[in-house]
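Numbers restart at 1 for each chain; the letters A, B, ... are given by sequence-line order, proteins then strands.
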Number of protein chains: 2
Amino acid sequence: MVSGETRKADDASVALAVSTVIFALRRDEASGLATVWLPLVRRIREPFDGLWALPGGPLGAAEDLATAAGRTLGETTGLIPGYLEQLYAFGNADRSPGPRVVSIVYWALVQSEEAERASVGENVQWFPADDLPALAFDHNLIVDYALWRLRNKMEYSRIAHAFLGETFTLTQLREVHEAVRGRPLDPANFRRFIEGSDAVVATDQRVTGTRHRPPRLYRYNTSIDLADQGPLSRLNERREP
Amino acid sequence: MVSGETRKADDASVALAVSTVIFALRRDEASGLATVWLPLVRRIREPFDGLWALPGGPLGAAEDLATAAGRTLGETTGLIPGYLEQLYAFGNADRSPGPRVVSIVYWALVQSEEAERASVGENVQWFPADDLPALAFDHNLIVDYALWRLRNKMEYSRIAHAFLGETFTLTQLREVHEAVRGRPLDPANFRRFIEGSDAVVATDQRVTGTRHRPPRLYRYNTSIDLADQGPLSRLNERREP
DNA sequence: TCAAGTAAGGGTCATTACAACCCTAAGTCC
DNA sequence: GGACTTAGGGTTGTAATGACCCTTACTTGA
């Protein structure tokens, strides 16, 4: 008959971790097509010593969850995401051998240029999101879910610009959608769709030096953004069958 | 450079709680219209002593998160939900005075008849979801978010039957949608929509004793359900702007 | 200097989803 | 038997979407 907010868990050995699935796009030199990649971190202790895992770490004492996700991501990979949203809390009793771990997982997007700059070494590497090796814990499941959320959300939301810089052409924006959704989109229809939603604002600049008609540069319409995540805003989710 | 899955939080005083927002429909005697209600539990200790709060409790040592949500819900309210899904993990550092609490919140639906049977007393009461008093912690925010998720999901998903019994008429199903979405729906269009999706299967039974043409009873098409929650199934979410 | 090549950017048209609306069917009630 | 009520089926107009076409404006190569 009592709300349990302030009771402690009976078993104090439940550890709380925060992890982040962060995506960037990479262009394949051969085909010219972009695909979705993510950085993973090699574990250097048991369990799953030597396997690849999501970047993450423990929750700081006075730290919000999203802050912890950003901080641990930065500490392990050096990346600063342009978009960050809670994905799911994974806490099945059998998801980890040894002591019980509940992971609150975030998913994030980062610009390609930013991704290039980030530290990569023996213990941090980028992998193609739909062709991963066996990961530590239930992290394959987590990545699959995050990838599905990304694809789903790309269809109704305005997150694509988090993969791009300040300004971009509609073709670049279309290529982001094509990379995530995995199929080509009609350029004319895409243009009409984007300009119909006021997701984007035309600048008066154009890209010169291409071998064709110079495309106009666009900027994201930040007057709609406001807050973009979680329970504070209703701008961020929509459907699934 | 290390995945933090098995490290403990620096501050062991972070408590992990599981709470549930559970909705049922109630028909207003006067207007005949149904609205969304939820049960709350009165707190009997500090902080927020005497205020109403969501049912919940601590996570058991070897217990999955959803199991803990169902268990604590049953212990405090006696309700057994027909639908249960994770909502969000609330963990802002300032969401509770005193020791740090991270709450993993679930949302659930229960049949009206089941809701009637459940224990109600001085410390458990039902409230209309749109018109709540000031609740303990950030629970007003949580309920608002859950309500928004319910309304959103009702538009693309097949969860409405969780408010109803084994069999039901299309008018009953339509009234559920109307109650949640808060506006009347065209009966003919609704019928076509539902029969077009194979969400529902006609039985050969009809309801007799009404003062009009006897309506056919339907049953939900369980061959599509399979799993319905979380990362294990892709059947459960969709859009938001 | 000019033709070929390429993507930008604007348009049309057929198909489809959906909302508004109408009409008949099949019971009960008086 | 006639009025009343909801079930349940149909039609029509409109908006959204995909497939496709055409012109524009630049670069490149002959």
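B:Asn189 and B:Arg192 share a side-chain donor-acceptor pair at under 3.5 Å.
The residues A:Arg71 and A:Asp64 are annotated as not salt-bridged, no charged nitrogen and carboxylate oxygen being separated by less than 4.0 angstrom. Ion pairing between B:Arg117 and B:Glu113 fails under the 4.0 Å rule for side-chain N and carboxylate O. Salt bridge present: B:Arg151 and B:Asp130 bring a charged side-chain N and a carboxylate O closer than 4.0 Å. Classification of A:Arg219 and A:Glu166 as a salt-bridged pair holds, one side-chain N sitting under 4.0 Å from a carboxylate O.
Within the 4.0 angstrom heavy-atom criterion, only backbone atoms of the sugar-phosphate kind lie near A:Arg216; the bases stay farther away.
In this structure, CD of A:Glu155 is placed 14 Å from C1' of D:dT17, rounded to the nearest angstrom. Atom OH of A:Tyr156 is separated from atom C1' of D:dA16 by 20 Å (rounded to the nearest Å). To the nearest angstrom, P of D:dT6 lies 17 Å from CZ of B:Arg206. Atom CD1 in B:Ile194 sits about 14 Å away from atom P in D:dA7, given to the nearest Å. Distance B:Asn189 CG to C:dC22 P: 13 Å, rounded to the nearest Å. Separating the CD atom of A:Glu195 from the P atom of C:dG9 is a distance of 8 Å, rounded to the nearest angstrom. Rounded to whole angstrom, the span from the CG atom of A:Leu185 across to the C1' atom of D:dT17 amounts to 13 Å. For the pair B:Arg192 CZ and C:dC18 C1', the interatomic distance rounds to 7 Å; values are reported in whole Å.
Under the 4.5 Å side-chain criterion, counting only non-hydrogen atoms from C-beta, B:Leu132 is in contact with B:Val143.
Of the residues in residues 169-183 of chain A, not one comes within less than 4.0 Å of DNA chain D through any heavy atom.
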Going 5' to 3' along nucleotides 21-30 of chain D, which nucleotides have protein heavy atoms under 4.0 Å from the base (write B), which only from the sugar-phosphate (write S), and which from neither (write -)? ---BBBS---

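Shown here for B:Trp52 and B:Glu122, the closest heavy-atom pair between the two residues is CH2-O, 3.6 Å.
Considering NE2 of B:His161 and OH of B:Tyr83, their distance stands at 9.5 Å, rounded to 0.5 Å.
Nearer to the 5' terminus of DNA chain D, by closest-nucleotide assignment, is the contact made by B:Tyr218 (compared with the other of B:Tyr218 and A:Phe193).
Taking the six-membered ring where the residue is Trp, B:Phe168 and B:Tyr220 present tilted rings, their angle falling between 30° and 60°.
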